[in-house]
Amino acid sequence: MNNSSDFDSDSDSKLNKHPKAPTTEPVTGYNEPTINDSIIGSQSSYGMSRQSQNQRLTEEKSRSLITYNHLTYLLYVLSYFTAGLLWIVPIVMNYAKRHDADGTWLATHFDWQIKTFWYSIVWFVIGSVLIVFAVGGFAVGLTASSNNIAIGSVLLTGLGLLIIAFTLIWHIYRIVRGWIALTDNRPVP
């Protein structure tokens, strides 16, 4: 009996020393595309491979994007001291690097800043148009000697100024909230 068990262990060890013959089983971790995959989902499989690539950002690339986001937040803050002239720089920077962060928590910061920019612009323009319209109405009211038009124009100017003030406060809030989240290495909701 001992001889047979020794024989079995020897044969097992001999078999383990030799490589296995190739099998027809697929290798795990790699699925070869089929014809249906290439016809049906050629675009979606490209998007999935790009997304999975971006999910595995290297540590260096991640630090680079975090620094980049800190810079864009800083430029938004500095735009208040340059009469808004720097507003265009961070939005261009955000669009330039937005796709580098796809599929990661940093993508929320790029989207957050882009949405903040565009909503601020829209509301600022609405407030400005109301003010311009109201000033024109005020001038008409004064020349026509109509107190009702003048009072309505003053109220409309107040509404326009209120919208602009709200927009500025909202813009500062979004920049501060986003910057704090970036500093804590977490996504923006």
Path from V92 to L78 over hydrophobic side-chain contacts below 4.5 Å: yes

Reported CD-to-CD1 distance for the pair Q113 and I91, which is rounded to 0.5 angstrom: 8.0 Å

Donor-acceptor pair, side chain of S64 and main chain of E60, under 3.5 angstrom: no

State whether the number of non-hydrogen atoms from other residues, nucleotides or ligands found under 6.0 Å of W170 atom CH2 is greater than 12. yes

Any side-chain heavy atom of S153 within less than 4.5 Å of one from V135? no

Quick one: side chain to side chain contact (heavy atoms under 4.5 Å, CB included) partners of Y80, sequence neighbours excluded? L168, H171, I172

Which heavy atom of S120 sits nearest to which heavy atom of T167, and what is that distance? O-CG2, 3.4 Å

Identify, with sequence neighbours excluded, every residue that meets side chain to side chain contact (heavy atoms under 4.5 Å, CB included) alongside S79. T82, L86, W87

Determine the minimum heavy-atom distance between T108 and W105, stating which atoms define it. OG1-O, 2.6 Å

Contact summary for A134 and L156, nearest pair of heavy atoms: CB-CB, 3.6 Å

CH2/W123: more than 12 non-hydrogen atoms of other groups inside 6.0 Å: no

Heavy atoms, side chains only, cut-off 4.5 Å: are T157 and L130 in contact? no

Are R174 and K115 close enough that some pair of their side-chain heavy atoms sits under 4.5 Å apart? yes

N94 side chain near N69 side chain, heavy-atom distance below 4.5 Å: yes

NZ/K97 to CG/L65 distance, rounded to the nearest 0.5 angstrom? 6.5 Å

Are I126 and L162 co-members of a hydrophobic cluster defined by side-chain heavy atoms under 4.5 Å apart? no

Atom pairs and distances, donor-acceptor, side-chain atoms in residues 175-189, under 3.5 Å, two or more places apart:
from, atom 1, to, atom 2, distance (Å)
R177, NH1, Y173, OH, 2.9
W179, NE1, H70, ND1, 2.7
T183, OG1, W179, O, 2.8

If you count heavy atoms of other groups shown closer than 6.0 angstrom to OH of Y95, is the number above 12? yes

For H109 and Y73, take the angle between the two ring planes, folded into 0 to 90°, and tell me which bin it lands in: parallel under 30, tilted 30 to 60, perpendicular over 60. perpendicular

Would you mind reporting whether Y76 and F117 have side-chain heavy atoms less than 4.5 Å apart? yes

